[in-house]
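Note sheet for the following structure.
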Amino acid sequence: MNFADETGLTSIVATAYHCSSSRTSEIAMERKREASRFASAMTHHVAKLTFWGVRGSTPTLERDTWRYGGNTPCLELIAPDGTRFVLDCGTGLRMLGNRWTKTHGDHGIEAHILVTHYHWDHIQGIPFFNPFFQSQNRFHFYSFQSKYLGPDSLRQVLEAQLAKPYFPVEISLMTAAREFHEITGGDKWEINGTQITARFLNHPQGCLGYRVDTSGGSVVYATDNEPGVPEFDQNLRQLAQGADVLIYDSQYSPEQLASERKGWGHSSWLEGVKIAREAKVRNLVLFHHDPDSIDKVVDGFLSAARQEFPATWAATEGMSITMSERGVNVEMRESRGGQRRRLRFSAIVSGQSEDGQAFEEKATVRDLSLQGAYLCLNNRPKLQSEVRVVIEATGDPTTSSVLSLRGTVVHFDAGREKTQNGVGVVFIDDSDPLHPHD
Ligand SMILES: [Zn+2]
Ligand SMILES: [Zn+2]
């Protein structure tokens with residue numbers, strides 16, 4: 001929706017009116033619903049997987065990568081009995097740490113951290129994980145011995161990140177209890193009833209894939225892998241056999257993988273589809289998006305993969321997957337940018353339903369996110385100064401709707417109408433600062 005287009009704006013406001021229910025009661029209702037969902041979930045064996053970082057190689061901040069997210073790999077898996085697992089320690093780990101600190105307060109946190117390998121994008125969140133700096137917490141780390149580092153590789157990797165002159169905080173301040181477990185490809189072990197299996201994948205300097213079998217469902221985390229070496233290809237298929245969720249390296253397009261990115265240690269959605277079919281997995285999640293893949297590129301990979309394997313998802317920051325005997329359920333976090341305004345007007349919506357059938361229907365729009373506007377003004381406000389824009393919706397039969405928005409001036413030009421100034425405004429979000437993962 002383009003708010004710079006005056007014609008479009010008129011047609012929107014013509015049938016718009018405010019929703020009467022207050023936001024506060026709406027939040028209270030949602031909390032109640034959440035609590036009852038949680039209570040009913042607890043009577044079943046439910047495992048919950050949350051994606052805190054999905055980007056490969058290096059974090060991205062470009063706006064056109066925001067929808068899928070820019071943090072490097074980090075996943076949280078909570079087994080049905082409450083045992084916590086972390087898969088990789090990319091930059092997404094910082095947000096997970098903040099979340100745990102907020103929800104646990106001074107109560108101790110215990111978690112099992114499975115690290116696939118020691119490339120930066122899988123470890124660089126470690127110095128920024130608050131719970132490491134709180135003595136009541138306890139962490140169990142698992143990964144393999146690197147031939148470049150020798151025994152105690154994982155501890156070395158962790159401590160080197162806090163060494164001078166790379167980081168200002170002393171390792172002695174990392175007061176949480178830390179236990180390091182050296183594992184290798186082929187190892188299987190159990191933690192509070194959850195089975196973990198590790199297998200080597202094909203990646204420069206080595207990488208482990210993990211399978212985690214909880215009583216709620218099974219997850220296979222196979223990132224940073226290049227197909228084409230029979231031993232590793234077989235490892236992966238054995239690991240993935242019959243899994244509820246396969247998270248797979250889909251960094252490149254099949255064409256890139258066959259040409260200029262061959263030998264870089266990554267894979268494509270097409271390989272993911274092949275493995276998913278051969279290993280009879282139930283859901284495929286495309287993961288480790290290339291830092292140069294803007295959202296539209298990932299959209300393209302996802303839609304191509306879905307033509308071949310409909311139960312495919314593209315890993316997105318904040319996405320969560322719950323698994324139980326009732327099946328697998330995928331949810332996305334709130335990802336709309338801009339201010340949200342409650343309204344009600346009609347729209348024609350067309351798309352594809354879950355079974356692939358095209359549909360078109362008249363629907364009600366209940367709220368809109370507003371990012372900015374292009375205004376024609378006689379005045380000339382200063383760049384980066386604040387303005388208030390009050391939009392009156394006169395089409396409402398009962399009462400005049402008003403959208404009152406605070407914005408900051410980001411653009412100025414001579415104006416589309418020659419007698420006035422053209423002013424670009426980005427709206428400032430005045431709503432309650434709900435946590436993006438709430
Ligand atoms: Zn990586
Ligand atoms: Zn890597």
Side-chain angles (χ1 to χ4, degrees), residues 49 51-62 65 68-76 86-96 113-129 141-149 153-154 156-158 160-161 183-185 198-210 219-229 232-233 235-236 239 246-253 256-257 260-269 271-272 275 284-293 297-298 301 314-317 319:
L49 176 72
F51 292 77
W52 293 90
V54 301
R55 186 69 52 178
S57 309
T58 190
T60 61
L61 284 165
E62 296 96 321
T65 64
Y68 288 105
N71 280 295
T72 59
C74 179
L75 280 68
E76 173 194 22
V86 176
L87 296 153
D88 273 336
C89 300
T91 58
L93 187 68
R94 181 183 61 84
M95 296 190 299
L96 172 60
I113 302 179
L114 309 172
V115 176
T116 58
H117 65 308
Y118 306 118
H119 286 162
W120 284 119
D121 51 327
H122 300 259
I123 58 164
Q124 67 199 143
I126 287 172
F128 303 96
F129 186 63
F141 291 85
Y142 305 81
S143 199
F144 64 95
Q145 183 180 127
S146 162
K147 71 174 181 185
Y148 302 95
L149 296 170
S153 292
L154 192 48
Q156 291 182 55
V157 164
L158 187 139
Q161 285 198 70
I183 49 149
T184 190
R199 292 278 174 125
F200 276 117
L201 303 177
N202 180 36
H203 194 61
Q205 295 124 36
C207 179
L208 285 172
Y210 291 102
V219 175
V220 173
Y221 179 52
T223 187
D224 295 62
N225 175 63
E226 180 161 346
V229 178
F232 297 115
D233 288 353
N235 275 353
L236 179 51
L239 203 62
L246 167 64
I247 300 153
Y248 187 65
D249 183 329
S250 307
Q251 181 151 354
Y252 303 133
S253 68
Q256 284 177 311
L257 184 61
E260 81 262 33
R261 294 291 185 258
K262 196 173 167 57
W264 287 40
H266 295 288
S267 193
S268 75
W269 62 265
E271 280 298 321
I275 299 155
L284 169 66
V285 180
L286 311 180
F287 188 75
H288 206 273
H289 309 310
D290 190 88
D292 292 329
S293 285
V297 170
V298 181
F301 292 170
T316 304
E317 231 171 83
M319 183 170 105

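Note that ligands are numbered from 1 as they come in the structure, with each ligand's atoms numbered from 1 the same way. Computed from a predicted model, the values in this text were never measured in an experiment.
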Next on the checklist: Does the Lys NZ or Arg CZ of R261 fall within the cation-pi geometry relative to Y252 - under 6.0 Å from the ring centre and within 45° of the axis?
Outcome noted: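 Cation-pi check for R261 and Y252: passes.
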Checklist entry - Around the Zn ion (ligand 2), how many protein N/O/S atoms fall inside 2.8 Å? => result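 Near the Zn ion (ligand 2), the number of protein N, O or S atoms below 2.8 Å is 4.
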Checklist entry - Under 30°, 30 to 60°, or over 60°: which ring-plane class applies to Y221 and F287, parallel, tilted or perpendicular? => result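 Y221 and F287: perpendicular rings.
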Checklist entry - Using the ring of each side chain (for Trp, its six-membered ring), is F144 parallel, tilted or perpendicular to F200, with breaks at 30° and 60°? => result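 If you compare the ring of F144 with that of F200, the planes turn out perpendicular.
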Item to check | Aromatic ring proximity, centroids under 6.0 angstrom, H203 and H122 | outcome: no
Item to check | Contact check, side chains of P227 and N202, non-hydrogen atoms, under 4.5 Å | outcome: no
Next on the checklist: As a test of understanding, state which of Q161, M95, R94 forms a side-chain contact (heavy atoms from CB on, under 4.5 Å) with F128.
Outcome noted: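 Going through Q161, M95, R94 one by one, the side-chain contact (heavy atoms from CB on, under 4.5 Å) with F128 is satisfied by R94 alone.
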